[in-house]
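None of these values were measured; they are calculated from a predicted model. Residue numbers begin at 1 in each chain, while the letters A, B, ... track the order of the sequences.
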Number of protein chains: 2
Amino acid sequence: MRSKTGISDKGQDKRHGGDTPPERISDAEYAVMEALWLRSPQTAAQVCETVCAERGWSMPTVKTLLSRLVAKGALDTQPDGRRFLYTPTLARSAYVGGESKRLVERLFGGRAAPLFAHLAENEALTPEDISEIERLLKELKQ
Amino acid sequence: MRSKTGISDKGQDKRHGGDTPPERISDAEYAVMEALWLRSPQTAAQVCETVCAERGWSMPTVKTLLSRLVAKGALDTQPDGRRFLYTPTLARSAYVGGESKRLVERLFGGRAAPLFAHLAENEALTPEDISEIERLLKELKQ
DNA sequence: ACCTTACGATTACGCTTGTAATCTGAACAC
DNA sequence: GTGTTCAGATTACAAGCGTAATCGTAAGGT
């Protein structure tokens, strides 16, 4: 019947138009997104080439994840012959931004400074990080 | 029989002695930890006073979460009459550090600078954050 | 016209999470 | 002593996740 994921199925759009909580993306799903953020569109097989090796997954697993991501509205599909090409709908920067914000809010009361302090205390900052951040700060200030 | 959580039960210790992945703490569980990080030890009822209101939970829910946290080794109990006093085993800073590191690794290739850049781009930095971070940087450099 | 193959769809299944109701046994009030 | 009460323990159950096998079917080969 080939629907649900690809063509047709223009039923209730499940668009998360702003208030619906943006449908969290799980760890496994994130791996798939990464592959597609690096290059897109890709077929399921291509995605598998990238992730199956590094995570020890099999094709069906990738397929499932792709479907779930489509269902969540994080991926879009376009038919290409008899298969699908998958493209991210959710931009990497949006995702990353959301996750960062979540963390900062949950753990640091929404303030970035304590996060920074924490990273500093834990030697999690390389000298490059430090000078890079300095540079950014300078940029911000003028 | 009163075990599993409290006294006795010195069976296979389930200590995550370094290699076992530190047993993630879920969102709901985190709320309970927060209450105990603010003040400890506390009884289940006391914890509920704090969290039941703000999350709309009932006592049984809190009990479950407490048990799970004990099972995960994030909380410790000491008997007090016929009830238990709960105390965090996992320090807040350790948890926060772990989570921050996880995020930075997953999303920013382990480098803190891109995270910072991201926060900057998204106006997620208040002026106070900025000057605070400047101060910290100065401290780090000398 | 068939047969194989390579897709996506459907179904599966055990584990964790969120949320809670029920059970059991000890403590305290008489 | 006996009944009520209030702990923690046990059980429940639906949703989400990780991981996958299987099904139905359209494309392509021959």
Can you pull every protein N or O that's under 3.5 Å from an N or O on nucleotides 11-18 of chain D?
unit_1: D:dC17; atom_1: OP2; unit_2: A:K72; atom_2: NZ; d: 3.1
unit_1: D:dG18; atom_1: OP1; unit_2: A:A28; atom_2: N; d: 3.4
unit_1: D:dG18; atom_1: OP2; unit_2: A:S26; atom_2: OG; d: 2.4
unit_1: D:dG18; atom_1: N7; unit_2: A:R68; atom_2: NH1; d: 2.9
unit_1: D:dG18; atom_1: O6; unit_2: A:R68; atom_2: NH2; d: 3.2

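- The ring pair (Phe, Tyr, Trp, His ring centres under 6.0 Å) search around B:Y95 returns B:Y30, B:W37, not counting sequence neighbours.
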Going by atom type alone, with no hydrogens or angles, which donor-acceptor pairs under 3.5 Å involve a side-chain atom of residues 109-121 of chain B and a protein atom two or more places apart or on another chain?
unit_1: B:R111; atom_1: NE; unit_2: A:D129; atom_2: OD1; d: 3.1
unit_1: B:R111; atom_1: NH2; unit_2: A:D129; atom_2: OD1; d: 2.6
unit_1: B:H118; atom_1: NE2; unit_2: A:S93; atom_2: O; d: 3.3
unit_1: B:H118; atom_1: NE2; unit_2: A:G97; atom_2: N; d: 3.4

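- In the hydrophobic cluster analysis, where Ile, Leu, Val, Met, Phe, Trp and Tyr join through side-chain heavy atoms closer than 4.5 angstrom, B:L85 is grouped apart from B:V51.
- For the atom pair B:K72 NZ and B:S26 OG, the distance stands at 5.5 Å (nearest 0.5 Å).
- To the nearest angstrom, C1' of C:dG18 lies 16 Å from CD of B:E54.
- The CG atom of B:L137 sits 6.0 Å away from atom CG of A:L137, with the distance rounded to the nearest 0.5 Å.
- For B:E54, there are no side chain to side chain donor-acceptor pair (under 3.5 Å) partners two or more places apart in sequence or in a different chain.
- Taking only side-chain nitrogens and oxygens, A:Y86 comes nearer than 4.0 Å to OP1 or OP2 of C:dG8.
- Note on B:A44: only backbone sugar-phosphate atoms sit closer than 4.0 angstrom, heavy atoms only; bases stay farther off.
- Under the rule for a side chain to side chain donor-acceptor pair (under 3.5 Å), A:Q42 has no partner lying at least two apart in sequence or in another chain.
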Would you tabulate the pairs of protein nitrogen or oxygen atoms and nucleotide nitrogen or oxygen atoms of nucleotides 3-5 of chain C closer than 3.5 angstrom?
none

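- Both B:M59 and A:S58 lie near DNA chain D, and the one whose nearest nucleotide falls closer to the 5' end is B:M59.
- Distance CZ (B:R83) to C1' (C:dA27): 12 Å, rounded to an integer number of Å.
- Taking each heavy atom of A:L75 and A:P88 in turn, the nearest pair found is CD2-CA, 3.6 Å.
- To the nearest angstrom, P of C:dG18 lies 14 Å from CG of B:L66.
- If you take CD of A:Q46 and C1' of C:dA6, they are 14 Å apart, rounded to a whole angstrom.
- A donor-acceptor pair under 3.5 Å links the side-chain atoms of A:T64 to the main chain of A:P60, judged by distance alone.
- The nearest whole Å value for the distance from the CG atom in A:L85 to the P atom in C:dA6 is 18 Å.
- Here the P atom of nucleotide D:dA20 and the CZ atom of A:R55 are 11 Å apart, to the nearest Å.
- Per the geometry, NZ belonging to A:K63 stands 17 Å off C1' belonging to C:dA12, to the nearest Å.
- Protein atom CG of B:L69 is 14 Å distant from nucleotide atom P of D:dG8, rounded to whole Å.
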